[in-house]
Amino acid sequence: MFDTIVVATDGSDSVRRAVSVAVDVAARFDAEVHAVYVVDAGEVESSPDTVREDLRDALDDEGRDALDRVSGAAHDRDAALDVTIEVREGRPASEIGTYARSVDADLVAMGTRGRHGENRFLIGSVAERVVRTCPVPVLTVRQLTEEDPQRTTI
């Protein structure tokens, strides 16, 4: 059912659970795992010229660290799971969709903080844009809070 799964990460805590679920699904279906991190070009371009390259380098390093954590989680779950990693630069939602198409993904998995109500409209959500625009199915995994009941993974 799933041959190729893309895990989109920004390195935040809200992605940890999504990585775990995606890796579990990949292990169950013997799927390829691709992890992608997108350096937000808008953030880089809006920074002062004097720090732009340093910021780009720092975000690239942050992305590689986040991708290494995805690879580590996959290896911890199933030593046979290899993860292809990719750092891209651009608009995150658009780049995630483009990457998913380029690897012929069956599923994109990503975390979300689960905001609702007014906060959903005040704070732009990459996950929401990916769900609306991605050409392949998207699995969003909400970050659990202290008040949420603990659930087992799939």
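Every value quoted in this text rests on a predicted model; they were computed, and no experiment measured them.
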ask   = Closest approach of Ala127 and Gly111, non-hydrogen atoms and distance?
value = CB-O, 4.0 Å
Within-4.5 Å side-chain heavy-atom neighbours: Val108 and Pro137 = no
task = Identify the two heavy atoms, one from Arg129 and one from Ala93, that lie closest to each other, and give their separation to 0.1 Å.
result = CB-CB, 3.6 Å
query = Rounded to the nearest 0.5 Å, what separation is found between the CG atom of Asp3 and the CG atom of Asp30?
reply = 9.0 Å
task = Could you tell me which non-hydrogen atom of Pro92 sits nearest to which non-hydrogen atom of Val126, and how far apart they are?
result = CB-CG1, 4.0 Å
task = Starting at CG of Asp40, measure out to CD of Glu95 and round the result to the nearest 0.5 Å.
result = 10.5 Å
query = From Arg88 CZ over to Thr98 OG1, what is the distance, rounded to the nearest 0.5 angstrom?
reply = 6.5 Å
ask   = Please walk me through it: do Thr133 and Ser94 pass side chain to side chain contact (heavy atoms under 4.5 Å, CB included)?
value = CA-CA 8 Å; Thr133 63; Ser94 175; over 6 Å; no
ask   = Are Asp24 and Arg77 within salt-bridge range, i.e. N to O under 4.0 Å?
value = yes
ask   = Quick one: do Arg56 and Glu45 make a salt bridge, cutoff under 4.0 Å?
value = yes
request  = Calculate, to the nearest 0.5 Å, the distance between atoms CD and CG belonging to Glu32 and Asp106 respectively.
outcome  = 9.5 Å
Derivation of the side chain to side chain contact (heavy atoms under 4.5 Å, CB included) call for Val25 and Ile5 = CA-CA 9 Å; Val25 171; Ile5 297 174; 3.6 Å; yes
ask   = Do the side chains of Asp104 and Thr4 get nearer than 4.5 Å, heavy atoms only?
value = no
request  = Evaluate the side-chain proximity of Arg16 to Val19: yes if any heavy-atom separation is below 4.5 Å, no if none is.
outcome  = no
ask   = How many angstroms lie between NE2 in His75 and CG in Asp82, if you round to the nearest 0.5 Å?
value = 9.5 Å
inquiry  = For Val44, is there any backbone N or O sitting under 3.5 Å from a side-chain donor or acceptor partner on Arg52?
reply    = yes
query = With a 4.5 Å heavy-atom cut-off, do Val7 and Met110 have their side chains touching?
reply = no
note = Tightest non-hydrogen contact, residues Val36 and Ile96, listed as CG1-CG1, 4.4 Å
request  = Can you see which heavy atom on Ala66 is nearest to which on Gly11, and at what distance?
outcome  = CB-CA, 3.6 Å
query = Does any non-hydrogen side-chain atom of Thr84 lie less than 4.5 Å from one of Val33?
reply = no
request  = Find out whether Val87 and Val39 are in side-chain contact, i.e. whether some heavy atom of one side chain is under 4.5 Å from a heavy atom of the other.
outcome  = yes
Test: Arg64 and Asp60 ion pair at under 4.0 Å = yes
query = Is there side-chain contact between Glu62 and Tyr37, with at least one heavy-atom pair below 4.5 Å?
reply = yes
task = Go through the steps for Thr140 and Val138 under the test side chain to side chain contact (heavy atoms under 4.5 Å, CB included), then give the verdict.
result = CA-CA 6 Å; Thr140 59; Val138 178; 4.0 Å; yes
inquiry  = For the CD atom of Glu43 and the CG atom of Leu59, what is their distance to the nearest 0.5 Å?
reply    = 5.0 Å
query = Heavy-atom distance under 4.5 Å between the side chains of Val6 and Val103, does that happen here?
reply = yes
